[in-house]
Amino acid sequence: MSDDNKFKVEGKLADNERMKGQSHLLRGTISDDLKDDVTGGFTADNFQLIRFHGMYQQDDRDIRAERTKQKLEPLHNVMLRARLPGGVIQPHQWLVIDKFAADYTMYGSIRLTTRQTFQFHGVLKPNMKLMHQTLHKAGIDSIATAGDVNRNVLCTSNPIESKVHKQAWDWATKISEHLLPKTNAYAEIWLDGEKVDSTQEDEPILGKNYLPRKFKTTIVIPPQNDVDVHANDLNFVAIAEDGELIGFNVLVGGGLAMTHGDHSTFPRKADDFGFIELDKTLDIAAAVLSTQRDWGNRVNRKNAKTKYTLERVGVENFKAEVEKRAGVKFAASRAYEFTSRGDRFGWVEGIDGKHHLTLFIENGRILDYPGKTLKTGCAEIAKIHQGDFRMTANQNLIVAGVALEQKARIEALAIKHGLMEASVSNQRKDSMACVSLPTCPLAMAEAERYLPEAVTEIEGILAKHGMQDDSIIYRVTGCPNGCGRAMLAEVGLVGKGPGKYNFHIGGDRQGTRIPRMYKENITDTEIMGHLDELIGRWSKERTPSESFGDYVIRAGIIAPVVDSARDFYD
Ligand code: SRM
Ligand code: SF4
């Protein structure tokens with residue numbers, strides 16, 4: 001065994017490894033499946049391989065039983081997830097995705113995700129190539145937004161420090177491109193590109209078997225931790241001096257998913273490796289990724305992510321290997337502080353004199369509702385907007401770079417279409433849910449469809465205790481995979497079964513503490529009962545401006561999670 005592979009896990013490889021290895025660099029027989037109109041779905045390995053091209057096969061779970069009764073196959077379709085580093089999209093691109101969603105998706109919506117991009121839900125097989133070609137013409141792709149690769153790279157969407165944001169966003173784009181698969185498969189299958197012999201191709205960074213598991217990267221600009229660094233494998237914390245980006249602190253090994261009943265899985269915060277100069281960024285990104293590529297667990301996918309590799313090999317060994325591979329020594333980390341995670345709604349002026357409007361989009365679901373034509377409103381804004389749009393990691397949308405003369409027209413459109421409602425409470429703005437039912441095949445309980453009513457209930461409890469202007473970072477995920485990042489919330493619900501959730505409390509507002517389970521497998525009524533009691537105590541016993549998460553720890557209601565690999569299940 002080479003020294004580089006000294007921590008490789010031995011044993012029978014997971015079947016995904018065979019699948020990737022036999023795929024001819026992600027081609028499989030996807031093109032044949034596209035011609036097969038007997039089924040709306042993908043067969044065998046192609047079901048997994050399309051993920052590397054940014055698509056997941058799904059069916060609407062609300063109608064699954066009915067179709068089975070009628071002896072029909074589930075209504076197979078795909079969800080597509082685009083690649084948009086830092087969530088930046090231009091108005092002309094917005095109009096393209098707006099039209100595609102209306103004309104060719106089953107749900108008609110654009111869904112903003114917790115990773116600063118959008119998803120189309122419900123695209124049928126005959127429209128899949130058209131979708132990729134339409135996006136391609138508009139300059140958008142969906143390469144590597146799913147599968148065992150580096151996913152869409154996030155970047156803080158705080159528009160105020162515009163110059164640092166621009167520099168950081170450039171790095172997010174460069175990292176995303178540097179770590180992309182190099183295979184021509186996407187172009188061949190979806191864009192009718194020229195065929196290339198896969199044996200002549202190479203994957204110099206990802207390797208021909210790609211990564212052991214998904215890999216997530218962010219750039220964060222303190223004091224705003226909107227991207228939730230501790231959910232990610234690799235994070236670059238922007239360090240600026242005199243308004244110029246000078247380098248990054250590097251944090252490695254965060255992740256939030258777990259499996260009910262399997263204590264070898266747990267959410268974990270990222271470790272601080274130290275500071276690097278800007279010109280080392282791509283080398284470090286490739287070195288962290290390739291160390292995880294070689295040392296990550298390819299035998300057991302449940303323990304395959306970087307967070308488990310760090311636990312198994314030791315943080316110092318992993319860090320030393322990254323230094324060796326990149327030819328860079330980490331310097332001592334520079335000081336920084338996170339103070340918040342929420343988006344700043346409404347208008348702010350950037351240092352370049354441009355104006356930026358953050359719109360609250362509940363659950364990130366952009367659709368026309370009765371009396372609230374969010375989708376039409378965004379399209380109308382796109383028609384006149386001369387800056388860009390930025391999707392936030394909290395599922396909201398920023399209309400960025402607006403000249404003073406345009407402000408009034410954009411605001412009038414936002415108000416007309418219900419995109420700028422003064423009545424939205426702080427609690428609603430601080431609440432988030434994953435997609436869950438009906439499209440997510442892994443959902444155990446409702447999340448997106450449950451959130452609006454649950455927030456109304458919490459608003460009532462806060463008002464009852466005279467706390468209506470306060471809020472709790474409240475997040476719901478339909479299963480323990482953690483897509484709504486409940487494991488970094490002050491109150492996090494994790495779906496356990498229909499109408500049942502594990503109820504976690506004790507995270508902080510900065511996203512630096514994992515909450516702990518307080519009650520297991522309980523209903524909405526029980527959750528609201530506990531919240532009523534806890535919020536009542538918080539209202540009476542809190543120190544000035546003490547947050548809910550900090551209060552429940554200080555009051556001894558729950559013990560803090562300090563070292564999750566060892567104490568999360570205590
Ligand atoms: Fe996720 C799988 C939706 C962010 C951890 N996630 C899924 C799938 C694709 C279900 C599936 O595998 O078939 C969900 C599709 C639902 C649907 O119908 O759209 C899904 N995840 C989402 C999104 C859309 C949630 C949202 O409401 O915005 C987010 C899309 C992000 C993006 O644009 O790339 C999303 N997923 C996350 C996050 C949060 C984050 O990254 O900041 C996490 C937790 C962080 C982490 O990775 O630890 C997350 N998703 C997972 C996992 C568990 C991975 C693991 O480590 O075990 C799965 C399941 C899996 O990979 O096996 C999963
Ligand atoms: Fe689906 Fe679970 Fe992710 Fe929610 S947390 S979108 S239910 S995989």
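All figures in this text were calculated on a predicted structure; none of them were measured in a lab. We count ligands from 1, going down the list as the structure has it; atoms in each ligand are counted the same way.
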request  = Using a 4.0 Å heavy-atom cut-off, say whether Ala433 meets ligand 1 through its side chain, its backbone, both or neither.
outcome  = backbone
message = For ligand 1 and Lys216, I'd like to know whether there is a polar contact (N/O to N/O, distance under 3.5 Å).
response = yes
inquiry  = With heavy-atom distances below 4.0 Å as the criterion, list the atoms of ligand 2 near Asn481.
reply    = 8 (S)
task = Measure the acute angle between the ring planes of His132 and Tyr186, then classify it against the limits of 30° and 60° as parallel, tilted or perpendicular.
result = perpendicular
key: Element-labelled atoms of ligand 1 that are located less than 4.0 Å from some non-hydrogen atom of Pro441   = 13 (O)
remark   = atom 7 (S) of ligand 2 sits nearest the protein heavy atom Ala443 CA, 3.5 Å
note = Closest to atom 4 (C) of ligand 1 among protein heavy atoms sits Thr114 OG1, 3.2 Å
task = Mark up the atoms of ligand 1 that fall under 4.0 Å of a heavy atom belonging to Gln395, in ascending order.
result = 26 (C), 27 (O), 28 (O)
request  = Taking only Lys NZ, Arg NE, NH1 and NH2, and the carboxylate oxygens of Asp or Glu, determine whether Lys269 and Asp272 approach each other closer than 4.0 Å.
outcome  = no
query = Are a donor atom and an acceptor atom from the side chains of Thr456 and Arg428 found within less than 3.5 Å of each other?
reply = yes
key: Atoms of ligand 1, numbered as shown, that sit under 4.0 Å from any heavy atom of His121   = 17 (C), 18 (O), 19 (O)
ask   = When you measure from atom 18 (O) of ligand 1 to every protein heavy atom, which one gives the shortest distance, and what is it?
value = Thr439 OG1, 2.6 Å
remark   = atom 42 (O) of ligand 1 has as its nearest protein heavy atom Arg485 NH1, 2.7 Å
message = Can you tell whether the side chains of Asp98 and Lys375 come within less than 4.0 Å, N to carboxylate O?
response = yes
request  = Please confirm whether Gly364 comes under 4.0 Å of ligand 1, counting heavy atoms of the residue only.
outcome  = no
query = Thinking salt bridges, do Arg301 and Asp148 make one under a 4.0 Å N-O criterion?
reply = yes
task = Return yes if some donor-acceptor pair links the side-chain N/O of Arg485 with the main-chain N/O of Leu256 below 3.5 Å, else return no.
result = no
ask   = Within less than 4.0 angstrom of ligand 1, does Arg151 place any heavy atom?
value = no
inquiry  = Checking side-chain polar atoms at under 3.5 Å, does Asn396 have a donor or acceptor matched by the opposite partner on Thr358?
reply    = no
query = Any nitrogen or oxygen of Thr117, main chain or side chain, under 3.5 Å from a nitrogen or oxygen of ligand 1?
reply = no
note = heavy-atom search around atom 3 (Fe) of ligand 2 in the protein gives Cys483 SG, 2.2 Å
ask   = Should the pair Lys20-Glu17 be classified as a salt bridge under the 4.0 Å nitrogen-to-oxygen rule?
value = yes
ask   = Would you say Arg111 touches ligand 1, if touching means a heavy atom closer than 4.0 Å?
value = yes
key: Arg213 contact mode with ligand 1 (heavy-atom cut-off under 4.0 Å)   = side chain
request  = Return a yes/no value for Gln58: is any of its N or O atoms, backbone included, closer than 3.5 angstrom to an N or O of ligand 1?
outcome  = yes
For atom 11 (C) of ligand 1, closest protein heavy-atom neighbour = Leu442 CD1, 3.6 Å
request  = Walk me through it: do Phe266 and Tyr308 pass the test ring-ring contact (aromatic ring centres under 6.0 Å, His included)?
outcome  = CA-CA 9 Å; Phe266 43 83; Tyr308 302 115; 5.3 Å; yes
inquiry  = Just to confirm my output: which protein heavy-atom neighbour is closest to atom 3 (C) of ligand 1, and how far is it?
reply    = Arg81 NH2, 3.7 Å
query = Between Lys519 and Glu526, is the closest basic N to carboxylate O distance under 4.0 Å?
reply = no
request  = Could you tell me the residue and atom name of the protein heavy atom closest to atom 40 (C) of ligand 1, and the distance to it rounded to 0.1 Å?
outcome  = Arg115 NH1, 3.5 Å
ask   = Among side-chain atoms of Glu448 and Asn363, is any donor-acceptor pair under 3.5 angstrom?
value = no
ask   = Above 12 or not: heavy atoms from other molecules or residues under 6.0 Å from NZ of Lys174?
value = yes
query = When you measure from atom 6 (N) of ligand 1 to each heavy atom in Gly254, Gly255, Cys483, Ala304, which option holds the nearest one?
reply = Cys483
ask   = Does an N or O anywhere in Gly482 fall below 3.5 Å from an N or O of ligand 1?
value = no
inquiry  = Return the closest protein heavy atom for atom 56 (O) of ligand 1 as residue, atom name and distance.
reply    = Lys305 CD, 3.0 Å
note = Going by the 4.0 angstrom heavy-atom rule, the piece of Gln116 near ligand 1 is neither
ask   = Phe345 vs Phe360 aromatic rings, parallel, tilted or perpendicular, using cut-offs 30° and 60°?
value = perpendicular
ask   = Taking the non-hydrogen atoms of Gly484, is any one of them nearer than 4.0 angstrom to ligand 1?
value = no
task = Decide whether the shortest distance between a heavy atom of Asn152 and an atom of ligand 1 is less than 4.0 Å.
result = no
message = I need the nearest protein heavy-atom contact for atom 48 (O) of ligand 1: residue, atom name and distance, please.
response = Leu256 N, 2.7 Å
ask   = Between the side chains of Thr309 and Gln292, is a donor N or O closer than 3.5 angstrom to an acceptor N or O?
value = yes
ask   = Are the side chain of Asn521 and the backbone of Lys500 linked by a donor-acceptor contact shorter than 3.5 Å?
value = no
inquiry  = Out of all atoms in ligand 1, which are within 4.0 Å of some heavy atom of Met79? Include the element for each.
reply    = 15 (C), 19 (O)
ask   = Should the pair Phe389 and Trp94 be assigned to parallel (<30°), tilted (30 to 60°) or perpendicular (>60°) ring geometry?
value = tilted
message = Heavy-atom distances under 4.0 Å decide this one: backbone, side chain, both or neither, for Cys440 against ligand 1?
response = both
ask   = Measuring to atom 1 (Fe) of ligand 2, does Cys440 have an N/O/S atom at a distance below 2.8 Å?
value = yes
query = Does a donor on one side chain sit under 3.5 Å from an acceptor on the other, for Asn300 and Asn297?
reply = no
ask   = Regarding Gln224 and Ser340, is there a side-chain donor-to-acceptor distance under 3.5 Å anywhere?
value = yes
ask   = How does Lys214 reach ligand 1, if at all, at less than 4.0 Å between non-hydrogen atoms: by side chain, backbone, both, or neither?
value = side chain
remark   = closest protein heavy atom to atom 2 (Fe) of ligand 2 is Cys479 SG, 2.3 Å
ask   = Between Asp45 and Arg18, is the closest basic N to carboxylate O distance under 4.0 Å?
value = yes
Atom indices of ligand 1, in the order listed, that fall short of 4.0 Å to a heavy atom of Cys434 = 27 (O)
message = Could you identify the single nearest non-hydrogen protein atom to atom 4 (Fe) of ligand 2 and state the distance to 0.1 Å?
response = Cys434 SG, 2.3 Å
task = For Ala257, counting its heavy atoms only, list the atoms of ligand 1 lying under 4.0 Å from any of them.
result = 48 (O), 53 (C), 54 (C), 55 (C), 56 (O), 57 (O)
query = Cationic tip of Lys496 within the cone over Phe503's six-membered ring, i.e. under 6.0 Å and within 45° of the normal?
reply = no
inquiry  = Yes or no, since that's all I need: does a protein heavy atom fall within a distance strictly under 4.0 Å of atom 8 (C) of ligand 1?
reply    = no
ask   = With under 30° as parallel and over 60° as perpendicular, where do the rings of Phe120 and Phe100 fit, or are they tilted in between?
value = tilted
task = Give yes or no for whether the N/O distance cutoff of 3.5 Å, strictly under, is met between Thr145 and ligand 1.
result = no
request  = Establish, from distance only, whether the side-chain atoms of Ser471 and Arg509 form a donor-acceptor pair under 3.5 Å.
outcome  = yes
message = Is there a polar contact between ligand 1 and Asn481, counting only N or O atoms under 3.5 Å apart?
response = no
ask   = So is Lys307 in contact with ligand 1, going by heavy-atom distances below 4.0 Å?
value = no
